[in-house]
**Student:** 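Here it is, the structure, as structure tokens.
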2 protein chains.
Amino acid sequence: MNEPVIQLPEPLGSGKRGGRGALSGAATQRVERPAPLREAVHTALIELIINGTLQPGQHLVELELAQYLGVSRQPVREALQRLQTEGWVDLRPAQGAFVHTPTEEEADQLLSVRSVLETHSARLAADRATEEQIARLWELQREGEALVEADDPEGVTAANAKLHAYITQISGNAVLAEHIALVERRVRWYYRPIARPRGHDAWNEHAELIKAIAAHDADLASMIMNRHTERTRQAYHDQRVAEASAEQQT
Amino acid sequence: MNEPVIQLPEPLGSGKRGGRGALSGAATQRVERPAPLREAVHTALIELIINGTLQPGQHLVELELAQYLGVSRQPVREALQRLQTEGWVDLRPAQGAFVHTPTEEEADQLLSVRSVLETHSARLAADRATEEQIARLWELQREGEALVEADDPEGVTAANAKLHAYITQISGNAVLAEHIALVERRVRWYYRPIARPRGHDAWNEHAELIKAIAAHDADLASMIMNRHTERTRQAYHDQRVAEASAEQQT
DNA sequence: CTGTTCCATACTGCATACAGTCTACAGCGT
DNA sequence: ACGCTGTAGACTGTATGCAGTATGGAACAG
């Protein structure tokens, strides 16, 4: 009825019935549990949603996904469960899974929550950062700046995520990190249609932030991060508005 | 091997094979989707974990749970998936589900995250609260105070949760509400062993908070909520310390 | 031509079946 | 006595089967 016409690099459950990963033989010293198929399916589906292969609102038929990914319905269902709690799909009883449709309001709320969490993370990071970690921050900063110069939006986005993730790591609060990661991925998705990341100014703000962390000035770091994330949120807003008015003129 | 010896009020999937809820017949105008079994299982398991029937570290054997709840392994597995992403259980590949073991560190991190989120929620609520909502807040406040007077710890805890939840609702940020709810339930669990909620002083703080919200003073409301949640965190800490030293003397 | 009813089909939700892996214990060797 | 190896049982991970419901379209009435 529908026609996904989606291409997969490799069939996830590669032939073998037992479905154990290809690396079963390599008996490295570590116990190295073979990752269950559901994990792979989960990852694959997020990727498909983020890159737009699976469009918002689209009905995800379990059997189709299963065949496409080369597994049975079972792992697919389990992955869908998790995707629902993470906000990627909506499970409507007796109807199945639908790719979640992000609303403008929800995007704003996500950015707001992210702002709060990241601000707290910056505060904690300023308290705890070691010299070594600060050095690493400057390293990430230089990498980011280089990518801005090279005008590589994809790279800049990745570098940005990396820097923020590292700050979160420094903060030493795993629960906080989990929640940020959850929000972060969804933001990245919502954000995608209007992709173009902020350039020089964002990274200037990063530099300020790192300075504050290096000085262990928690209040300042927190303040800068708050301003930083709120600006991203504003940029999102402006873009939407611009988009809307552009649409009017068409 | 193990002996859960747990008693269930009623068999979840009550006989009927199709497993549809008992309210299938009542054809009210609304479409009233029959809630899937996995939902019921999910709720039931959280309850069992919170009330201590399922102890931290315990191995959850799917078949046992299934039989106990009167369903098959399938809905149990799906519920476990969700429980994992929500932090209630750990799924070890090829070994199964184990009730998550809360560490002291993790509890502190959760309280910290909750504090940040609730603080933000209070700020937003102060901005948006309507007269009607404020009236409702005072109502909840009175209920809570009454329960404190009546020395009903269970009731106080519930009233507390209700008040906080309502503030979150007023804030109008659904994403924020989700995250708070996620953290909240785990906190309640971790907190349980040292249950006794703070009494009068907590509710005095609530009153101050509601006043600030009623005055639409976002900064003040935010400040009060921050102090309030941090105190709860401190209370948790003190209790742990007291416990530890008490144990020493034994 | 429009609106309604009925039916076929597709898909979900749940249950069951099967294959592979982990664990513990018995038996053997040292 | 102690450690190693082999084997049986238990449990997970995955696949398949089955019943019930939602949906779209055809047939029919107005």
Side-chain angles (χ1 to χ4, degrees), chain A residues 1-4 11-25 27 30-42 58-84 89-98, chain B residues 1-4 11-25 27 30-42 58-84 89-98:
Chain A
M1 291 312 160
N2 44 20
E3 24 166 328
L12 279 184
S14 31
K16 291 179 61 176
R17 157 70 197 254
R20 271 52 184 66
L23 37 78
S24 302
R30 297 190 18 57
V31 267
E32 195 74 39
R33 308 280 184 199
L37 275 187
R38 57 169 182 264
E39 293 297 327
V41 173
H42 175 256
Q58 182 174 341
H59 184 192
L60 299 180
V61 177
E62 295 170 1
L63 190 60
E64 263 176 35
L65 291 179
Q67 289 173 343
Y68 168 60
L69 295 170
V71 302
S72 80
R73 281 176 58 207
Q74 188 71 8
V76 172
R77 280 181 69 84
E78 289 176 6
L80 287 175
Q81 283 301 317
R82 187 166 157 200
L83 289 173
Q84 176 179 43
V89 306
D90 301 315
L91 288 179
R92 304 216 279 267
Q95 288 180 275
F98 296 79
Chain B
M1 293 310 162
N2 44 20
E3 25 167 325
L12 279 185
S14 32
K16 293 178 62 175
R17 158 67 200 257
R20 271 53 185 66
L23 35 80
S24 301
R30 303 197 3 66
V31 265
E32 196 73 38
R33 309 278 184 199
L37 274 188
R38 56 168 182 265
E39 294 297 328
V41 173
H42 174 257
Q58 182 173 341
H59 184 191
L60 300 180
V61 178
E62 295 170 3
L63 191 59
E64 263 176 34
L65 292 179
Q67 289 173 344
Y68 168 60
L69 295 170
V71 300
S72 81
R73 280 177 59 208
Q74 189 72 11
V76 172
R77 280 181 68 84
E78 289 176 6
L80 288 175
Q81 284 302 315
R82 189 166 156 200
L83 289 173
Q84 177 179 42
V89 307
D90 301 315
L91 288 179
R92 303 217 280 268
Q95 288 182 274
F98 297 79

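The figures here come from the full heavy-atom set of this structure, side chains too, leaving out hydrogens, waters and symmetry mates.
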**Student:** Rounded to the nearest angstrom, tell me the gap between atom CZ in Arg92(B) and atom P in dG13(D).
**Tutor:** 12 Å
**Student:** Quick one: does Gln81(B)'s side chain get under 4.5 Å of Leu91(B)'s, heavy atoms only?
**Tutor:** yes
**Student:** Atom CG of Leu63(A) and atom C1' of dT16(D): how far apart are they, to the nearest Å?
**Tutor:** 11 Å
**Student:** Please report the closest heavy-atom contact between Val41(A) and Val76(A), naming both atoms and the distance.
**Tutor:** CG1-CA, 4.1 Å
**Student:** Measure the spacing between CZ of Arg73(A) and CD of Glu64(A) and express it to the nearest 0.5 Å.
**Tutor:**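 One gets 12.5 Å once the value is rounded to the nearest 0.5 Å.
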**Student:** For dG13(C), take OP1 and OP2 only and decide whether either is under 4.0 Å from a side-chain N or O of Arg77(A).
**Tutor:**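 Checking Arg77(A) against dG13(C): at least one side-chain N or O falls below 4.0 Å of OP1 or OP2.
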**Student:** OP1, OP2 of dT23(D) versus side-chain N and O of His59(A): anything below 4.0 Å?
**Tutor:** no
**Student:** In this structure, how many angstroms lie between the C1' atom of dT12(D) and the CD atom of Glu39(A), rounded?
**Tutor:** 14 Å
**Student:** Which nucleotide wins on minimum distance to the side chain of Pro75(A), given the candidates dT14(D), dA22(D), dA15(C)?
**Tutor:**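 Closest nucleotide among those given: dT14(D).
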**Student:** Could I get the full list of side-chain contact (heavy atoms from CB on, under 4.5 Å) partners for Gln74(A), not counting sequence neighbours?
**Tutor:**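 Expected list: Ser72(A), Glu78(A), Gln74(B), Arg77(B).
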**Student:** Report yes if a side-chain nitrogen or oxygen of Gln74(B) is closer than 4.0 Å to either non-bridging phosphate oxygen (OP1 or OP2) of dT16(C); otherwise report no.
**Tutor:**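 False: Gln74(B) side-chain N/O out of range (4.0 Å or more) of dT16(C) OP1/OP2.
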**Student:** Would you say a side-chain N or O of Gln95(B) is under 4.0 Å from OP1 or OP2 of dT23(C)?
**Tutor:** yes
**Student:** So which nucleotide from dT12(D), dA15(C), dT16(D) ends up closest to the side chain of Val61(B)?
**Tutor:** dT12(D)
**Student:** My understanding is that only residues two or more places apart in sequence, or in another chain, count here; which of them pass side-chain hydrogen bond (donor to acceptor under 3.5 Å, both in side chains) with Glu39(B)?
**Tutor:**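 Glu39(B) satisfies side-chain hydrogen bond (donor to acceptor under 3.5 Å, both in side chains) with Arg82(B) once adjacent residues are dropped.
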**Student:** Once you round it to whole Å, what is the distance between C1' of dC11(D) and CD of Glu62(B)?
**Tutor:** 8 Å
**Student:** Tell me which nucleotide among dC14(C), dT14(D), dA15(D) gets nearest to the side chain of Arg38(B).
**Tutor:**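 From the listed options, dC14(C) comes nearest.
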**Student:** Return whichever of Arg73(B) or Glu78(B) has its heavy-atom-nearest nucleotide of DNA chain C closer to the 5' end.
**Tutor:** Glu78(B)
**Student:** Considering every strand and a 4.0 Å limit on heavy-atom distances, what is the contact class for Leu80(B): base, sugar-phosphate, or nothing?
**Tutor:** nothing
**Student:** Calculate the interatomic distance between Leu37(A) atom CG and dT21(C) atom C1'; express it in whole Å.
**Tutor:**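 Rounded to whole Å, this separation is 15 Å.
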**Student:** Can you tell me how far C1' of dC14(C) sits from CD of Gln81(B), to the nearest Å?
**Tutor:**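 Atom CD in Gln81(B) sits about 16 Å away from atom C1' in dC14(C).
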**Student:** Answer with base, sugar-phosphate or nothing: what part of the nucleic acid does Leu91(B) contact at a heavy-atom distance below 4.0 Å?
**Tutor:**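 Contact class for Leu91(B): none.
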